[in-house]
There are 2 protein chains.
Amino acid sequence: MLELRSLPTDCAQRRQDSVCSTCGARAFSVCSSLDPADLAGLDSIAERVSLKAGESLIREGDPAVHLFNITSGSVRIYKLLPDGRRQITGFLFAGDFVGLATGQDYAFSGEAIEDATLCRFRKTDYRALIRERPLLEEALLDRATHELAAAQNQMLLLGRKTAQERIASFLLDLPTRDPLRPSTEDQVRLPMTRSEIADYLGLTIETVSRVLTKLKTTGVIRLLSLNELRIEQPDRLRDIAEGEV
Amino acid sequence: MLELRSLPTDCAQRRQDSVCSTCGARAFSVCSSLDPADLAGLDSIAERVSLKAGESLIREGDPAVHLFNITSGSVRIYKLLPDGRRQITGFLFAGDFVGLATGQDYAFSGEAIEDATLCRFRKTDYRALIRERPLLEEALLDRATHELAAAQNQMLLLGRKTAQERIASFLLDLPTRDPLRPSTEDQVRLPMTRSEIADYLGLTIETVSRVLTKLKTTGVIRLLSLNELRIEQPDRLRDIAEGEV
DNA sequence: TGGCCGCCTTGATCTCCATCAATCCGTTTG
DNA sequence: CAAACGGATTGATGGAGATCAAGGCGGCCA
């Protein structure tokens, strides 16, 4: 991975190489609000974690001791009902924060969709750092607010949109999410399975499959492979997403 | 529609006394993290607003110039699709914050369900105050985080629960929300109409009505009036809410 | 190379909830 | 007090999407 290359010599002269200072995800994360000196402080309480696809990050009900910042890859967070029904409440990418729950315990589970790297912090350490760095707290509040807006959009989707509208909305939204792989907007990478898409959109895999097939046969999208598609008619897809006619 | 109601005429007279210091909702709101001296500062940038039932607070798409803190009554916030489908994304009560959106424009609309009073702040004023009061910002972050957790619960409800499970969850959750009218947990006040419940739960009014009738005939709840009911069997309702058998 | 396995697609049928429609009931108004 | 009205309930029917079921396709490993 490019991010892990050795540093240029001028940086290497520091007491310790700040991994943060060369972090590929820094520009997209709350860390961007820290100056170089503070980054060193962040570095000292951060722990690097790598996860293979499918590995668990946090588990609903476990004591919430850690916070995470995704530096590469992608993560799903979800909640379960006792009988196994699953709702994926978010797909997260580089720069995204995981585990901002206030409660004693995590209120959701998190797993890597594909291989991922993360920064891990003890909640207590992080809280202390926040106290000293109001800009960091401001960035966190900003991010939480953005996520709230996204959550409201998702509620609209889950509560009131048809299957086709949900898929269309999803295909339009997803490419804007991963800053490390800036899809050219009409080229969409789907790192998750059909089952995960279904559990994110409140549908079944069969319905996801059928709707994608229909969008393909009507020429709105083109399926390049299982995990890659191209939006051929963005305007029509936008109309579909908003339920126009 | 008359949205621009004049402020209480005695508003100016009260300026010297901190209205905040006697605010009934203070204990439940972010203001509780301010000491008396700071409350005065808050007072100086706050404007009191009263709304009659049905009146509009903010409108999706309008420039986001104000923030609100509810001091009494209740508010619904919602999003619309072009064809009129509505998703109510939250019912808010005393102490709740409205309008924390980061964007230029409001991403949702807000209206009073029943007569309500609110504190209104210019976003710019509020931001400045936050800068000076880290405790306030911390309280805001806390609140935003709680709302995020609630939003995830609502996504689970909308994406994966049956009509009966949704109603049961709603009846269990609602009484915990309004601190000014602490329902005795098994006595539930429904300040909103069936139509609003439906739009909150992603159902139709007919389904809401039918499920309530069914819960009544099975003895789980008792309907005292249109807007008041009693939970007769809390345990069974909890089981239903979580989909246990 | 072939067989297995996981994931996806496609088809047939079913079901829950939406839709359409009629009535009820409490409140307001003339 | 009657009529009108808005919201709620109840009944009949329909449809979008779930469920059940049967291949298809590609990757992996013996």
Side-chain angles (χ1 to χ4, degrees), chain A residues 52-54 76 81 83-88 113-114 157-171 188-218 221-229 240 243, chain B residues 52-54 76 81 83-88 113-114 157-171 188-218 221-229 240 243:
Chain A
K52 291 247 171 260
R76 59 170 174 259
L81 287 172
D83 65 2
R85 277 173 286 171
R86 177 177 68 165
Q87 179 65 39
I88 294 182
I113 292 177
E114 46 187 352
L157 180 149
L158 292 170
R160 288 300 180 218
K161 290 192 182 181
T162 66
Q164 182 161 257
E165 289 161 7
R166 295 181 198 202
I167 298 280
S169 303
F170 176 67
L171 294 181
V188 184
R189 191 177 67 95
L190 301 171
M192 65 290 291
T193 66
R194 299 288 186 269
S195 164
E196 286 168 337
I197 297 174
D199 282 350
Y200 181 60
L201 299 179
L203 302 170
T204 60
I205 50 174
E206 293 94 333
T207 298
V208 170
S209 184
R210 272 186 256 268
V211 170
L212 284 176
T213 302
K214 187 183 172 193
L215 288 174
K216 183 184 69 182
T217 56
T218 54
I221 65 172
R222 174 196 303 265
L223 294 170
L224 306 176
S225 74
L226 268 185
N227 302 315
E228 199 91 22
L229 62 83
I240 293 173
Chain B
K52 290 247 173 261
R76 58 170 175 259
L81 287 172
D83 65 2
R85 277 173 286 172
R86 175 176 71 165
Q87 179 65 38
I88 293 182
I113 292 176
E114 44 186 353
L157 180 150
L158 292 170
R160 287 300 180 218
K161 289 192 181 179
T162 66
Q164 181 162 256
E165 289 160 7
R166 295 181 199 201
I167 298 280
S169 304
F170 175 67
L171 294 181
V188 185
R189 191 177 67 94
L190 300 171
M192 65 291 291
T193 66
R194 300 288 186 273
S195 164
E196 287 168 336
I197 297 174
D199 282 351
Y200 181 60
L201 300 179
L203 301 170
T204 59
I205 51 174
E206 293 93 332
T207 299
V208 171
S209 183
R210 272 186 255 269
V211 170
L212 284 176
T213 302
K214 186 182 172 194
L215 288 175
K216 183 184 68 180
T217 57
T218 55
I221 64 172
R222 173 196 303 264
L223 293 170
L224 307 178
S225 74
L226 269 184
N227 301 316
E228 199 90 20
L229 62 84
I240 293 173

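Chain naming here is simple, since letters A, B, ... match the order of the sequence lines and numbering starts at 1 in each.
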In this structure, how many angstroms lie between the [atom2] atom of [N] and the [atom1] atom of [X], rounded?
X	N	atom1	atom2	result
Leu229(A)	dT9(C)	CG	P	11 Å
Leu201(A)	dA18(D)	CG	P	11 Å
Met192(A)	dC7(C)	CE	C1'	16 Å
Arg86(B)	dA18(C)	CZ	P	15 Å
Leu226(B)	dC5(D)	CG	C1'	15 Å
Lys214(B)	dC16(C)	NZ	P	10 Å
Glu228(B)	dG26(C)	CD	C1'	17 Å
Leu223(A)	dC25(D)	CG	C1'	14 Å

- Item | Flag, side chain of Arg189(B) to backbone of Asn227(B), donor-acceptor distance under 3.5 Å |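 Such a contact is absent between Arg189(B) side chain and Asn227(B) backbone.
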- Taking atom OG1 of Thr162(B) and atom CZ of Arg85(A), what is their separation to the nearest 0.5 Å?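 Spacing of OG1 (Thr162(B)) from CZ (Arg85(A)) equals 6.0 Å.
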- Query: From Leu215(A) CG over to Arg222(A) CZ, what is the distance, rounded to the nearest 0.5 angstrom?
  - Reply: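 If I round to the nearest 0.5 Å, the distance is 14.0 Å.
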- Flag the pair Leu171(B) / Leu190(B) as yes when at least one side-chain heavy-atom distance between them is below 4.5 Å, and no otherwise.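 Contact flag for Leu171(B)/Leu190(B) side chains = yes.
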- Are OP1 or OP2 of dT10(D) and a side-chain N or O of Thr213(B) less than 4.0 angstrom apart?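 Affirmative; the distance criterion is met.
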- Query: Under 4.0 Å: is that the gap between some side-chain N or O of Ser209(A) and OP1 or OP2 of dC8(C)?
  - Reply: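 Answer no for this pair, as no side-chain N or O of Ser209(A) is under 4.0 Å from OP1 or OP2.
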- On a plain distance test, is the side chain of Arg194(A) in donor-acceptor contact with the base of dT10(C) below 3.5 Å?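 For Arg194(A), whose side chain was compared with the base of dT10(C), there is no donor-acceptor pair (under 3.5 Å).
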- Base dC16(C) paired with Gln164(B) side chain (donor-acceptor, <3.5 Å):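 No, the side chain and the base share no sub-3.5 Å donor-acceptor pair.
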- Query: Of Asp199(B), Thr204(B), Leu212(B), Thr207(B), which is the lone residue that meets side chain to side chain contact (heavy atoms under 4.5 Å, CB included) with Arg194(B)?
  - Reply: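 Single pass found, and it is Leu212(B).
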- When all nucleic acid strands are considered with a 4.0 Å heavy-atom cut-off, which category describes Leu212(A): base, sugar-phosphate, or nothing?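 Result for Leu212(A) = nothing.
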- Query: Base, sugar-phosphate, or nothing for Thr204(A), non-hydrogen atoms under 4.0 angstrom?
  - Reply: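 Base: the residue Thr204(A), judged by heavy atoms under 4.0 Å, touches a nucleobase.
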- Message: Quick check: on DNA chain C, is the nucleotide nearest Arg210(A) upstream (toward 5') of the one nearest Arg160(A), or the reverse? Name the residue that is more 5'.
- Response: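 This one resolves to Arg210(A).
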- From dA18(D), dA21(C), dT10(C), nucleotide with atom closest to Glu206(B) side chain: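 Of the candidates, dA21(C) comes closest.
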